Asks: 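I have a structure I would like to understand better, so I am pasting it below and will then ask my questions one at a time.
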Amino acid sequence: MRFSEQFEQRFTEMLGHYPTKRSVLVPTLLYAQDEAGFLSDEIIHEIAGRLDLTDLEVRNVISYYSMLTTKPRGKYNVQVCTNIACMLRGGEELLEHCSKKLGIGHKGTTADGLFSLEEVECIGACSWAPAVQVNYDFHENLTTVKMDKILDGYKSKV
Amino acid sequence: MPDVNITVDGKKVTAPAGTLLIEACKSVGIEVPSFCYYPNLSLQGACRMCLVKVEKMPKLQTACTTVISEGMAVTTDSPEIHQARKSMVELVLGNHPLDCPVCDAGGECELQDMTFSYGAAESKYIEPKNHREEQQWSPVVYFDRPRCILCYRCVRVCGEGMDVWALGVQNRGVSSIIAPNKEDHLECEECGMCIDICPVGALTSGAYRYKTRPWEMKHVGTTCTHCADGCKTTLGVRRSDSGMEIVRGDNRDKSGINGDFLCIKGRYGFDFADHAERLKQPMIRKDGRLTPSTWEEAFELIGREFSRVQQQDGGQAIGVVGSNRTTNEESYLLQKFARVVLGTNNIDHHRTADFPALAAALTGKPDLTASMRDVFNAPAILLIGNDPTNQHPLLAWQIRNNVRLHGARLYLVNAEPIKLERQATSVTQVPSGAEGRVAAFLAGDDSAADALTGNTNREGWIALRDKLRSEANLIIIFGSEIRGGDVSSLVKFTLNIQGAKLVCLADYANSRGAADMGLYPDLLPGYQPVAQASKFHEEWGAVPQTRGLTLPEMVESARTGKLKAWYVVGANPIGRFAIDPYVFSKSFVVVQDMFLTETAAMADVVLPAANAYEKSGTFTNTCGDLQVVKKAGEVSEVKPDFEMIVRIAAAMGFDVRQLVPFGPGTRMDMGQSRGAQSGEADRHAVWLEARGLEPKMSPFDPTAILDEIQRLVPGYDVPRINLLAGNDQHTSLSQSGPGAAQNPKLIVAAKDDLFSSGTLGRYSRALNSVMENHRNQPAESDVVAD
């Protein structure tokens, strides 16, 4: 298993930040996922070995955090918030719209591997509800029309 | 630590600073309920059952995570607290199936007890319960997910206690579930402690599930019959067609030296008792074939043949082989029978440690042996050789948890990498077979260092020795790699360290007892040489004073036709030492065993024997801790070895009163006439037995021999009342006889691992199913990584 040089640098630096090795687990998993798209068995085993943990312990942590995944996702992970502020401002309609447009449901991935869809809890953008997060980018004050443009924008990036 | 004073429910409580509130309450007899809290495991604070009111704190506090502080005033029961706990029970019951009528835990379930105490029989929840099918995680561990209340005890005992880490928690919140390490199954040591520690019936035992109810069994706490550590296992027994059937083994009675611990063998390894191939009838060889016979015919034949050989060729023409799994009383009786009745010192057993060398080195010195309990509390431990995780699971538990909870320093010296390295302060590898040189080096022989290192790490060895010398109260544990003169070197080293003590590791349940009771051709009980006048000679009268033959010598003697008869009790020399069976075909061979072993198959008479779970007596574990063995199971067609030895002596025309000093045969009321008050007679019996005053009215009563053992065997005069109460009593070697040098080659390690156990293991379904399962699913660590 090979990670990028940047990952290795960050990993080494982080080790010094905490009193115990296992404390770096969560950020390490996130960086690894950013690179590989998802956390494969191989990655889990590698990270467990580096931090003196069992594979099971690493899996336990992954299963706790909804942002970590052991299954491949699309290139763009569309996370639609349906928590209270977004819901009142049309978050659920937005989710349904995305679902129809992309032809996938919650946690689904399009056949071309471009998009995944996810219904998420509050992403902290209540003041600009309804909000959607695509990978690490936020899109706010959305309507179905705006959403279409955003999705098309990602599609044309490829 | 300084003491802290608090008040609990108006009672003044003083406890050391750092004590948890729940423990402080317990110390004055106030029970605070909890599911997730478990002593000696990390804190969880998950179940919220232990909520108590602490004055000046705004909300109820969890007693299991609150550390006491000076002046704290605590209320553990009030309407508010009661309501809080009731609500917690209601929440826990929210998705808990009410299948108590068929649940294994029903009747001994902590959730049932809590519901009984706090109510919550009515629930506000009307949602349908989420059902999941039961899962089998290993041949011996089943998981019933909806019953789980997420206390995480199993996760912690598996990880922290066992250092196996095979269980974890997946997902979060309401979706949390306990998960095994291999997705749908477990890869672990199969100890089953997760089942014992589960407060409900979520984790159940493959051997016991759906078999019976806890209240339908009698629970007998006895000593395990497998390895030499002497765990207490509680056997649940139930009436069966032919006596009493053992339905389960567990650690229900946590009063043993093993505390919370029990391994797979103690828990599941009782099922050899009802194996289909169990011998249940005496057999006599007729026309070359073993033919079912009667006890009378068998004893008469044995008596006649033994007498004939004795008269024609003398006692030295008879060879006796004893067992590592018979009780002390039986081993003692067997060697007394050999010496007094047969008139021979030809007696030996399968030796797995050099106890005579240890006794020889320790006699006349202050008490230098450590008990199994000491290992848990020692500040430092040196382990030379052996792999306790596999061969001495309790010892490994004691070491591991001593390191975890008390910060003990563990120094390992081993030829192989072993699992305990994970707890070790220092690990030193030695060439295989050079462990004995370590003893010599530690005792001060610097030249031995070269053999250990090839002169590469001399400084490392010297530093290790210096460090060890400064470790006051060190416990030195050594495997059978160290024998003979090396044992005395190690004792010499021990004497130079303040408070240091020793543990010598043997392999079977009563290996130490077999040695202490004198199953040696040259040693009487208590390591007293046969040639030296002793109390035994005075009491027994004529005892042959020339040393007898060792087992290999007996085999050789039989080969040349000099040895005319064999008496093999609970041993399988042909299978164990790969002896040519032909050697046995020329002599008259009597074998007492549970199964038709390779040796029994060659016998002229085979007597079906009871196992250690079917008789009473005592065992001595490898540390020298004496414990009672209590009768649990019963198979009516077999007899204990004790009775058979006496019957053979009687059949030889010997006055059995000279063999077993039983009482004068008074008539007395044993309680039968007292009807409902018969329990009173039982209590009288316990009192009398504890003081050695009970009438031993039968020659088959092992306590008559226990009396003699306690009177004559040095170190065994422990308080009888403590012994009978089920406590371990450490015996001492400091007054033992001088021993005698033994041929170190006679020691053959059993090499059993976690799942094997000599003949018993071969006939245990549970142990075999686990081994087969492991073969079919090879551990990932065994597969070569990329």
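No experiment lies behind these values; they were computed from the predicted model shown. Convention: sequence-line order gives letters A, B, ...; per-chain numbering from 1.
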Asks: Which of the residues Val155(B), Val169(B), Leu167(B) is involved in the greatest number of heavy-atom pairs with chain A at under 4.5 angstrom?
Replies: Val169(B)

Asks: Can you confirm whether more than 12 heavy atoms, excluding those of Arg73(A), are under 6.0 Å from its CZ atom?
Replies: yes

Asks: Determine whether more than 12 heavy atoms belonging to other residues, nucleotides or ligands lie under 6.0 Å from atom CD of Glu5(A).
Replies: no

Asks: Calculate, to the nearest 0.5 Å, the distance between atoms CG and CD belonging to Leu56(A) and Glu187(B) respectively.
Replies: 11.0 Å

Asks: From Asn181(B) CG over to Thr54(A) OG1, what is the distance, rounded to the nearest 0.5 angstrom?
Replies: 7.5 Å

Asks: Tell me whether Ile177(B) at atom CD1 has more than 12 heavy atoms from other residues, nucleotides or ligands lying less than 6.0 Å away.
Replies: yes

Asks: Who passes side-chain hydrogen bond (donor to acceptor under 3.5 Å, both in side chains) against Thr389(B), sequence neighbours left out?
Replies: none

Asks: So, Ser63(A) side chain and Gln170(B) main chain: donor-acceptor pair closer than 3.5 Å or not?
Replies: no

Asks: Report the distance from atom CG of Asn60(A) to atom CZ of Arg172(B), rounding to the nearest 0.5 Å.
Replies: 14.0 Å

Asks: How close do Tyr64(A) and Asn171(B) get, counting heavy atoms only, and between which atoms?
Replies: CD1-O, 3.9 Å

Asks: Taking atom CD as the centre, does Glu96(A) end up with more than 12 heavy-atom neighbours from other residues, nucleotides or ligands that are less than 6.0 angstrom away?
Replies: no

